[in-house]
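Notes follow once the structure below has been shown.
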Amino acid sequence: MPSPGYTFNGSTVELQGPGLSTATIHTHGATVTAWSDATGTPRLYLSPTAALDGSAPIRGGIPVCFPQFGPGARWPKQHGFARRLPWTVETGAMESGVPRAVLTLEESEQTKEGGVWAHCFLLRLVVEIGAGGQLLVGISVENRNEVGAFDFTLALHSYFNVTDVEKAKIVGLKGLSYRDNADGLKEKTEEDEAVAFAGEVDRCYIGAPNSVLLEGAGVVVEKEGLPELVTWNPYKEKTAALPDMPDGDWQKFVCAEPALVYPAASLEAGASYSASITLRAI
Ligand code: TA6
């Protein structure tokens with residue numbers, strides 16, 4: 001077995017955890033692009049045609065959506081700037097036998113683009129592989145304005161490998177209200193025991209439980225500080241319109257995205273907000 005450890009080559013961080021567990025984090029967007037569990041099974045989907053050169057957000061893994069989830073309410077482009085900019089590796093080390101990387105992003109001319117969200121802030125992303133090979137991703141948002149609150153929405157837009165999306169299910173959302181982004185953001189109630197993917201699915205479940213099972217992905221997603229769960233698969237037609245995903249790859253992934261959307265969070269100057277996800281293979 002390889003020894004647990006941490007390496008950084010200037011653009012990617014590699015974590016080696018217990019057993020065969022590993023994780024890769026690109027400094028571009030602080031995007032976790034790979035996580036294999038303790039048996040060495042890769043659990044995150046990464047498009048084979050994703051841009052990894054910083055020219056676009058990375059299609060796959062766990063892009064960070066901030067200061068908004070969705071279209072340009074605060075920043076001009078979809079899902080905000082956090083997934084589009086290079087982050088700084090603050091620390092990377094073994095801590096109590098666990099490999100951990102910490103990446104940060106602060107305000108810049110680019111984050112102030114458009115002038116709508118021209119705030120001083122610090123984002124910190126902590127990625128760690130736990131003793132059982134589980135992946136932990138923590139994010140904190142600090143308002144560094146001298147005066148003045150800001151608001152934001154946030155998502156950890158996680159893509160998971162499945163062998164056949166039409167057999168995959170997300171279990172634990174029955175009875176919840178959701179906004180259906182594939183149907184004009186209408187508010188609906190989930191009637192089914194499990195969310196299946198027999199067509200385009202693009203939903204934001206309000207007040208989702210802190211643990212959901214992704215059948216077909218072999219993963220349980222746990223979340224804290226992220227009340228919503230977004231479920232997404234673009235299916236055939238919309239995948240064909242994505243420039244950075246092969247046409248047939250809609251069959252190979254589901255997105256289950258812990259998010260803070262309804263309502264947006266508001267942070268006073270000097271205040272911080274923390275959230276996290278834990279991904280466990282089952
Ligand atoms: O999380 C679902 C979603 O907001 C969808 O509406 C879909 O467009 C997706 O994210 C991907 O967005 P992107 O900007 O990465 O193409």
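For ligands, and for the atoms within them, numbers begin at 1 and follow the listed sequence.
Atom 13 (P) of ligand 1 has its closest protein heavy atom at Arg59 NH1, 3.6 Å. Counting only heavy atoms of the protein, atom 11 (C) of ligand 1 lies nearest to Trp232 CH2, 3.5 Å. With hydrogens left out, the protein atom closest to atom 3 (C) of ligand 1 is His79 NE2, 3.7 Å, a heavy atom.
The proximity of Arg203 to ligand 1, defined as any non-hydrogen pair under 4.0 Å, does not occur for either the backbone or the side chain.
Using the six-membered ring where Trp is involved, Phe152 and Tyr273 have ring planes that are perpendicular, over 60° apart on the 30 and 60° scheme. Trp117 and Phe66 have perpendicular rings, their planes meeting at more than 60° on a 0 to 90° scale where under 30° would count as parallel.
For NZ of Lys238, the number of neighbouring non-hydrogen atoms (other residues, nucleotides, ligands) closer than 6.0 Å is 12 at most.
A cation-pi contact links Arg179 to Tyr262, judged by a cut-off of 6.0 Å to the six-membered ring centre and 45° from its axis.
Nearest residue to atom 14 (O) of ligand 1 from Glu257, His157, Arg83, Lys238 is Arg83 (criterion: closest heavy atom).
Pairing each heavy atom of Ala269 with each of Asn145, the nearest pair is CB-O, 3.3 Å.
Within the model, atoms CZ of Arg84 and CH2 of Trp75 stand 5.5 Å from one another, a figure rounded to the nearest 0.5 Å.
Within ligand 1, the atoms closer than 4.0 Å to a non-hydrogen atom of Gln78 are 8 (O), 12 (O), 13 (P), 14 (O), numbered from 1 in the order shown. Near Asp202, with a cut-off below 4.0 Å to any heavy atom, the atoms of ligand 1 are 2 (C), 5 (C), 6 (O).
Residue Asn181 has at least one nitrogen or oxygen atom sitting less than 3.5 Å from a nitrogen or oxygen atom of ligand 1, judged on distance alone.
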